[in-house]
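Structure, as structure tokens:
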Amino acid sequence: MGTGVRRWALPVAAVLAVLAAGYAVWAGVSWWGASSSDSVAYARERDEVLRVGQVGIANFTTLDYREVDRDLDRWLDTSTGALRSEIESDRAVRAKQLADARTVTESRVLDAAVTELDDRAGRARVIAVVETSVMPEGGQSVKKVDRYQTELTRTDAGWKLSALGPVRAGGA
Amino acid sequence: MPPIRRRPVPTPPTTRPRVAGLRKRTAPQHVVEPEPAVELPAEVPAEPTAVEPENDAQALADPAGPAEPTEPVEPVEPEEEPTPRVAEDERADEESSARRSGWALPVALVVLAALLVGLGAWFQTRAGQVSYNRALVDSAATTEVAGVAREAVEKSFSYNFADVAATEKAAAELLTGKAQCQYSAIFEPVRALAPEQKLVVTVKVVSSGVTSLEGDRATALLFVDQVTTRTTDNQSGGGMAMMRVGARRVDDRWKIDNMEMFGQGGDRSAELAECR
């Protein structure tokens, strides 16, 4: 009696296991495919650009006159291309100006958006709304909200800022 | 050394030259060669038989264990059925162990199948959950959202004192839900001021980026320039603003359903926050 069932048990169980394995493989492949497509990679790149852009803009709009050298080094670290060479070329003048200004400027990005991303060429543009509080030595801090646009370029060490400036009224 | 010697021996028990070949690899010395000849006959029978007797021994040992203590408790029975019982026990135990070994594999396979189905189901739900922000990824939809946001803001906030109603009408079409309430809060002062100062206001979106685009919801960041001309004395001035705009797709059309201004005074922010 038991032998008949037993004879069938093994093949049936084996078929079940094979079918289940096939299903698991199919589901795994479809998950992998859904989460590693070009679109997902592009979306990830966009998020990375946005993150770097936000951090970079906050960096460049934050400065402590007592730590000018440290801040300028940080600017150099996060920039490349024209922006970097601009900082490098007039570093001494700039450092003196910033130290003389005797202000502590702190910024945070309220919102930012990637407006362009060419992930092949490694170029992108980010716009950001930045809240800056400027504190003169011994004075009251003043808050203001500005809008910035930055260009990013992909380097061997990741995305870096290659241009940065405020978006002035009148389309400047 | 001893474990290396023993292992190759049971596998090729029939042909000796092969063993010698194996030997050469592990121990190239010729002196060792004669050794397998001695070891072979001794070990070959020992290994294969060792498996079977063990089972037998277990099968025997099992009934022997309980049989011994039961004998003294029931002194009458052993006289009549000592031999048949052992035989029966032995057979039953053989069968059960056979059944056990016969079922072990199918049961293991079924368990494996169940685990694999569970894993597959998990993969499948994860695959279904892969949703991500399609801003810029879906360039057509991104352009559409940016365009709608631009149009809505430009048309809703540009006005001519002579026909403020036209602007409000356009806004009513392009805005929905919470944004309509926010709009009337922002636009309220204009209704009185515009005719009074004969204002002509042109709003232009100078830069925009879609920050999120998922399903039928999207948000965008807009940089806005505003040129105001007071026709009473032909004075004009510029202003700029930054706003975050939320959009929702309703009946195949994107409509603005949320507006937030950055860098606005506390009064207006409070007013906008009241909208639901």
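Naming convention: chains lettered A, B, ... in sequence-line order (proteins, then strands); numbering from 1 in each chain.
Within the 4.5 angstrom heavy-atom criterion, only backbone atoms of E116(A) (N, CA, C, O) approach chain B. In this structure, chain B has no heavy atom under 4.5 Å from any part of V29(A). Interface remark: A121(B) contributes backbone and side-chain atoms alike to the contact with chain A (heavy atom separation under 4.5 Å). Contacts between F223(B) and chain A at a heavy-atom distance below 4.5 Å involve backbone atoms as well as side-chain atoms. Using a 4.5 Å cut-off between heavy atoms, T125(B) does not touch chain A at all. For a residue to count as touching a neighbouring chain, one of its non-hydrogen atoms must lie under 4.5 Å from one of that chain's; by this rule W32(A) does not touch chain B.
With chain B as the partner, the residue from L117(A), V114(A), D146(A), V18(A) showing the most heavy-atom pairs under 4.5 Å is V114(A). In terms of heavy-atom pairs under 4.5 angstrom with chain B, the leader among A34(A), A43(A), S39(A) is S39(A). Counting heavy-atom pairs closer than 4.5 Å to chain A, the top-ranked of the candidates L115(B), V210(B), V224(B) is V224(B). For the set T211(B), L221(B), V227(B), the entry with the most heavy-atom pairs within less than 4.5 Å of chain A is L221(B). In terms of heavy-atom pairs under 4.5 angstrom with chain A, the leader among N133(B), D138(B), T142(B), T219(B) is N133(B). Ranked by heavy-atom pairs under 4.5 Å with chain B, the first of G33(A), A128(A), G22(A) is A128(A). When the candidates S30(A), A24(A), A112(A), P11(A) are compared by the number of heavy-atom contacts under 4.5 Å with chain B, A24(A) comes out ahead. The most heavy-atom pairs under 4.5 Å with chain B, out of V126(A), I127(A), T115(A), L16(A), come from I127(A). Ranked by heavy-atom pairs shorter than 4.5 Å toward chain A, the options L119(B), L112(B), L136(B) are led by L136(B). Heavy-atom pairs under 4.5 Å with chain A peak, among A114(B), S208(B), G118(B), G238(B), at S208(B).
Heavy atoms from other residues, nucleotides or ligands lying under 6.0 Å from CZ of R108(A) number 12 at most. A 6.0 Å sphere centred on CD of E106(A) holds no more than 12 heavy atoms belonging to other residues, nucleotides or ligands. The environment of CG in D38(A) is sparse: at most 12 heavy-atom neighbours from other residues, nucleotides or ligands sit within 6.0 Å. No more than 12 heavy atoms of other residues, nucleotides or ligands sit less than 6.0 Å from atom CZ of R253(B). More than 12 heavy atoms of other shown residues, nucleotides or ligands fall within 6.0 angstrom of atom CZ in R74(A). Enclosure of atom CE in M135(A) is not indicated, since only 12 or fewer non-hydrogen atoms of other residues, nucleotides or ligands lie within 6.0 angstrom.
With 3.5 Å as the limit, one finds a donor-acceptor pair spanning the side chains of T153(A) and S162(A). Between the side chains of Y159(B) and E168(B), no donor-acceptor pair of N or O atoms lies under 3.5 Å. Y42(A) and R44(A) are not linked by any side-chain donor-acceptor pair at a separation below 3.5 angstrom, with hydrogens and angles left out of the test.
The ring pair (Phe, Tyr, Trp, His ring centres under 6.0 Å) check on F157(B) picks up Y183(B), with sequence neighbours excluded.
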